[in-house]
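What follows is a single structure, written as structure tokens, with notes after it.
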2 protein chains.
Amino acid sequence: MNESEKVFLDYIQSKGLKFTPERKAILNHVFESHGHFEAEELLVDMRKSNKRVSKATIYRTLALLVKSGLLREVIFGEKHAHYEHVYGHEHHEHLVCIKCGKIIEFSDERIEKYQDEICLENKFKAESHRFQIMGYCEDCEEE
Amino acid sequence: MNESEKVFLDYIQSKGLKFTPERKAILNHVFESHGHFEAEELLVDMRKSNKRVSKATIYRTLALLVKSGLLREVIFGEKHAHYEHVYGHEHHEHLVCIKCGKIIEFSDERIEKYQDEICLENKFKAESHRFQIMGYCEDCEEE
DNA sequence: CTACGTGCAAATGGTTTGCACATAC
DNA sequence: GTATGTGCAAACCATTTGCACGTAG
């Protein structure tokens with residue numbers, strides 16, 4: 001059993017839920033691969049590898065993975081959600097190319113400090129944040 | 001004719017579009033009131049003031065208002081979009097309470113500086129950005 | 001006069017849900 | 001054994017669209 005399975009199993013059990021083959025398959029598929037992905041993409045991808053799970057189960061499991069802290073939902077301005085790994089990855093922010101859709105990640109510890117200051121000023125208790133810059137990547141430079 | 005009408009009219013005409021009573025009514029309703037709002041809310045609100053416009057026209061006009069630079073679309077993690085005034089308002093960021101939904105605005109010129117630095121490093125041309133901190137407001141402080 | 005806009009109702013599309021059957025524990 | 005999960009298809013719901021009719025310029 002790998003590390004992400006342990007984390008997930010802990011969560012599952014702490015909630016009195018079951019570690020089904022479907023959940024295991026989705027978990028492993030998610031953590032075997034790529035960074036950002038969408039629900040539909042995951043479904044298609046799993047079909048290709050002959051891991052057939054229903055769309056409903058994909059959605060239900062993704063919600064659990066988010067709650068367990070293994071995944072995060074990211075929204076880039078489209079209608080559908082994207083997901084990215086939290087487990088094993090440093091927190092980072094996104095540059096989103098509004099022409100080709102490319103996502104560039106960056107991280108900067110100043111943002112965390114800054115968040116603390118803002119929260120102090122506003123008597124706010126931060127849980128998470130999201131910093132996205134929308135624009136044009138090198139290849140899509142306007143005009 | 002007020003200032004926001006002038007801006008909108010300029011945009012409308014520059015695109016060869018028409019300044020219809022429906023568009024005028026929506027524009028005025030939007031700029032007479034509140035900060036954040038949703039499409040549905042605007043519709044209901046206008047009905048109350050006996051300004052009846054179809055849902056389709058609301059959506060079509062909101063899109064124009066965004067393109068003209070008068071409004072901005074903001075997404076707070078729910079499924080439906082929120083809109084806020086750009087015209088006549090300083091750029092700002094949001095603290096979003098994940099319990100009561102309250103939105104606190106803040107602005108800080110350091111964010112713009114960060115953005116410039118990050119973009120330089122990543123050869124990216126920024127058009128806009130979004131910085132949101134999700135957490136608990138003073139009244140909803142966890143536990 | 002005619003290109004553009006409107007209202008309506010139907011279509012869309014990602015996501016969620018009800019239900020009958022299956023299974024982890 | 002029983003609470004939880006799964007797959008399926010139907011439901012949801014914000015938003016978009018096709019179309020016949022209306023109107024700004």
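All values derive from a computational prediction rather than experimental measurement. All chains are named by letter (A, B, ...) in the order of the sequence lines, taking the proteins before the strands, and each is independently numbered beginning at 1.
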Checklist entry - Rounding to a whole Å, what distance do you find between B:L17:CG and C:dG5:P? => result 5 Å

Next on the checklist: Without decimals, in angstroms, what is the distance between A:K79 NZ and C:dT15 P?
Outcome noted: 10 Å

Checklist entry - Taking for each residue the nucleotide of DNA chain C with the nearest heavy atom, is it B:K18 or B:S54 whose nucleotide lies nearer the 5' end? => result B:K18

Checklist entry - Taking for each residue the nucleotide of DNA chain C with the nearest heavy atom, is it B:A56 or B:K15 whose nucleotide lies nearer the 5' end? => result B:K15

Checklist outcome for this item: Between A:E22 and B:E40, whichever has its closest DNA chain D nucleotide further toward 5' is A:E22

Next on the checklist: Minimum heavy-atom separation for B:E105 and B:E84, please, with both atom names.
Outcome noted: OE2-OE1, 4.2 Å

Item to check | d(CD1, A:I58; C1', C:dG13) in whole Å | outcome: 17 Å

Next on the checklist: Expressed as a whole number of angstroms, how long is the span from A:K55:NZ to D:dA11:C1'?
Outcome noted: 14 Å

Next on the checklist: Measuring centre to centre across the rings, with the benzene-like ring taken for any Trp, is A:H82 within less than 6.0 Å of A:H94?
Outcome noted: no

Checklist entry - A:T57 has a side chain; which of D:dG7, D:dA24, D:dG5 sits nearest to it? => result D:dG7

Next on the checklist: Between A:R23 and D:dT4, is there a contact of a side-chain N or O with OP1 or OP2 at under 4.0 Å?
Outcome noted: no

Next on the checklist: By nearest heavy atom, map B:H80 and B:I12 onto DNA chain D; which one lands nearer the 5' end?
Outcome noted: B:H80

Item to check | Nucleotide D:dT15, atom C1' - distance to OH of B:Y83 in whole Å | outcome: 9 Å

Checklist entry - Can a donor-acceptor pair under 3.5 Å be found between the side-chain atoms of A:R60 and the base atoms of D:dG7? => result yes

Checklist outcome for this item: Closest heavy-atom pair, B:E138 versus A:K123, reported as atoms and distance to 0.1 Å, is OE2-CD, 2.9 Å

Next on the checklist: I need the CD-P distance between B:E78 and D:dT15, as an integer number of Å.
Outcome noted: 11 Å

Item to check | Heavy-atom closest pair, residues B:A126 and A:I133 | outcome: CB-CG2, 3.6 Å

Checklist entry - For A:T20 and D:dT6, is the shortest distance between a side-chain N/O and OP1 or OP2 below 4.0 Å? => result yes

Checklist entry - Side chain of A:E93, backbone of A:F131: donor and acceptor closer than 3.5 Å? => result yes

Item to check | Separation of atom CG in A:L42 from atom C1' in C:dG14, rounded to whole Å | outcome: 15 Å

Next on the checklist: For a quick test of reading the model: is some side-chain N or O of B:Y59 closer than 4.0 Å to OP1 or OP2 of D:dT15?
Outcome noted: yes

Item to check | Atom-pair distance (CG on B:L64; P on D:dT16), nearest Å | outcome: 12 Å

